[in-house]
Amino acid sequence: MRKSLYYLSLFTSLTLVSCSTILNNLPGVYRLEIQQGNIIDQAMVDQLRPAMNKRQVVYIMGSPMLDNVFHKNRWDYLYSNQPSGEDRVQKQISLFFENDQIVGIQGDFRPGAVPVIKSSGETTVDVPKRDLDKTLWEKITGLFGYDGVDDAPKTIKPDSKPSPASDKLPL
């Protein structure tokens with residue numbers, strides 16, 4: 001009886017331990033791609049140049065992932081990606097500043113020798129001007145027979161005084 005209980009507990013423990021291995025490697029099961037940190041690519045690093053100020057770096061790279069209180073002139077950018085349960089890929093780059101300007105780069109990326117001008121994917125489209133004859137309100141009131149044009153001639157009463165603004169001549 002003791003021997004069968006021993007074998008049953010051994011079998012149960014091995015089964016439970018192997019469940020995580022089996023469940024992590026099931027074919028056809030969707031696994032999320034997990035990205036953490038600042039997304040860093042070579043095109044971003046190629047845009048960095050010596051003597052760039054911190055505002056320009058933030059525009060290109062984004063805000064740093066780590067801002068070390070002991071090293072205020074060092075910004076660290078970290079990127080970690082684990083695509084669909086595969087091995088984790090980690091990239092790191094550190095930027096060093098002196099007098100608010102880049103003086104050094106260290107990490108997994110190296111800036112290119114030729115400056116890169118990032119082309120914009122945006123295009124400009126010229127839309128021709130629309131000639132609108134009537135506004136929406138004029139179209140709606142036109143359906144009821146009112147076109148907004150007063151056909152009666154306007155007359156000025158002889159006993160009325162002209163306004164002071166009408167006395168002035170146009171310049």
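On a predicted model such as this, the values are computed, not experimentally measured, just so you know. Positions are given from 1 along the sequence.
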Check: R55 main-chain N/O paired with N53 side-chain donor or acceptor under 3.5 Å: yes

Close side-chain approach of D100 to N73, heavy-atom, < 4.5 Å: no

OH/Y59: more than 12 non-hydrogen atoms of other groups inside 6.0 Å: no

Close side-chain approach of Y77 to I39, heavy-atom, < 4.5 Å: no

Pair V57-W75, side-chain contact (heavy atoms from CB on, under 4.5 Å): steps then yes or no: CA-CA 10 Å; V57 173; W75 284 2; 4.1 Å; yes

Sub-4.5 Å side-chain heavy-atom contact between I102 and F97: yes

Same cluster (ILVMFWY, side-chain, under 4.5 Å), F96 and M44: no

Gap separating the CD1 atom of I93 from the CG atom of D108, nearest 0.5 angstrom: 8.5 Å

Within 6.0 angstrom of R88 CZ, more than 12 heavy atoms from elsewhere: yes

Intermediate values then yes/no, side-chain contact (heavy atoms from CB on, under 4.5 Å), R2 and L5: CA-CA 5 Å; R2 275 187 149 210; L5 187 59; 5.7 Å; no

Side-chain donor-acceptor pair present, Q92, S94, cut-off under 3.5 Å: yes

Straight-line distance of Q47 CD to Q42 CD, nearest 0.5 Å: 11.0 Å

Residue pair Q90 / N81, side-chain heavy-atom distance below 4.5 Å: no

Qualifying salt bridge (Lys or Arg N to Asp or Glu O under 4.0 Å) pairs with a residue from residues 73-83, counting only residues at least two apart or across chains: R74-D76

Student check: side-chain heavy atoms of K91 and V89 closer than 4.5 Å: yes

Common cluster, V103/M52, ILVMFWY with side-chain heavy-atom separation under 4.5 Å: no

Minimum-distance pair of heavy atoms, taken over all atoms of K72 and K54: O-NZ, 3.8 Å

Euclidean distance, D46 CG relative to F109 CZ, rounded to 0.5 Å: 10.0 Å

Rounded distance (nearest 0.5 Å) linking atom CD of E138 with atom CG of L143: 12.5 Å

Side-chain heavy atoms of N38 within contact of Y79, under 4.5 Å: no

